[in-house]
Amino acid sequence: MKCYRWPIAIVYLEDGVRFPILWNFRRDTLEEWRYARRHGLDVEFYDPIGSKIIIEADMITRFKVPNECYVEVWTTSIDDFVKKKTGR
């Protein structure tokens with residue numbers, strides 16, 4: 001097992017709600033959000049403990065990636081962690 005540092009970002013919604021996500025967890029977060037917004041889809045994120053969050057892409061106003069904000073993940077490899085959390 002090895003300890004990896006995974007960056008955290010803050011998602012801001014139209015109604016002022018904010019919540020943390022794992023940044024670039026499955027693929028590029030901004031690209032995934034832009035694609036979902038263009039096509040009227042929901043976007044899938046993961047919170048810092050790996051729980052899935054699904055939200056309408058249009059509700060998101062911005063992302064903020066603070067410096068030195070991360071969660072420590074203990075796993076054999078990053079691929080194993082992503083596969084375990086997403087089932088992919």
Thr76 side chain to Met1 main-chain N or O, any donor-acceptor pair under 3.5 Å? no

How long is the straight-line distance from CG of Leu22 back to CD1 of Ile49, given to the nearest 0.5 Å? 9.5 Å

Less than 4.5 Å apart, any side-chain heavy atom of Tyr4 and any of Thr75? yes

Using a 4.5 Å cut-off on heavy atoms from C-beta on, say whether the side chain of Phe63 contacts that of Ile10. no

Looking only at non-hydrogen atoms, find the nearest pair between Ala36 and Val43 and report the distance. CB-CB, 4.2 Å

Search all heavy atoms of Pro66 against all heavy atoms of Ile8 and return the closest pair with its distance. CD-O, 3.6 Å

Same cluster or not: are Val17 and Phe45 linked, directly or through other Ile, Leu, Val, Met, Phe, Trp or Tyr residues, by side-chain heavy atoms under 4.5 angstrom apart? yes

Would you list the pairs meeting side-chain hydrogen bond (donor to acceptor under 3.5 Å, both in side chains) in which at least one residue belongs to residues 15-25, sequence neighbours left out? Asn24-Thr29

Between CH2 on residue Trp33 and CZ on residue Arg38, distance to nearest 0.5 Å: 10.5 Å

When rounded to the nearest 0.5 angstrom, what is the spacing between CD1 in Ile21 and CG in Asp47? 10.0 Å

Determine whether Tyr35 and Val11 fall in the same hydrophobic cluster, where Ile, Leu, Val, Met, Phe, Trp and Tyr are linked whenever their side-chain heavy atoms lie under 4.5 Å apart. no

Please list all pairs passing the ring-ring contact (aromatic ring centres under 6.0 Å, His included) test where one or both residues lie in residues 65-86, with sequence neighbours left out. Phe25-Phe81

In short, Cys3 meets Glu72 closest at the heavy-atom pair SG-CB, 3.6 Å

I need the Asp28 CG to Glu32 CD distance, nearest 0.5 Å. 8.5 Å

Ignoring hydrogens and geometry beyond distance, is a side-chain donor-acceptor pair present between Tyr46 and Glu44 at under 3.5 Å? yes

Hydrophobic clustering (ILVMFWY, side-chain heavy atoms < 4.5 Å, transitive) - are Val65 and Ile53 grouped together? yes

Side-chain heavy atoms of Phe19 within contact of Ile55, under 4.5 Å: yes

Which distance, rounded to the nearest 0.5 Å, do you find between the NZ of Lys64 and the SG of Cys69? 10.0 Å

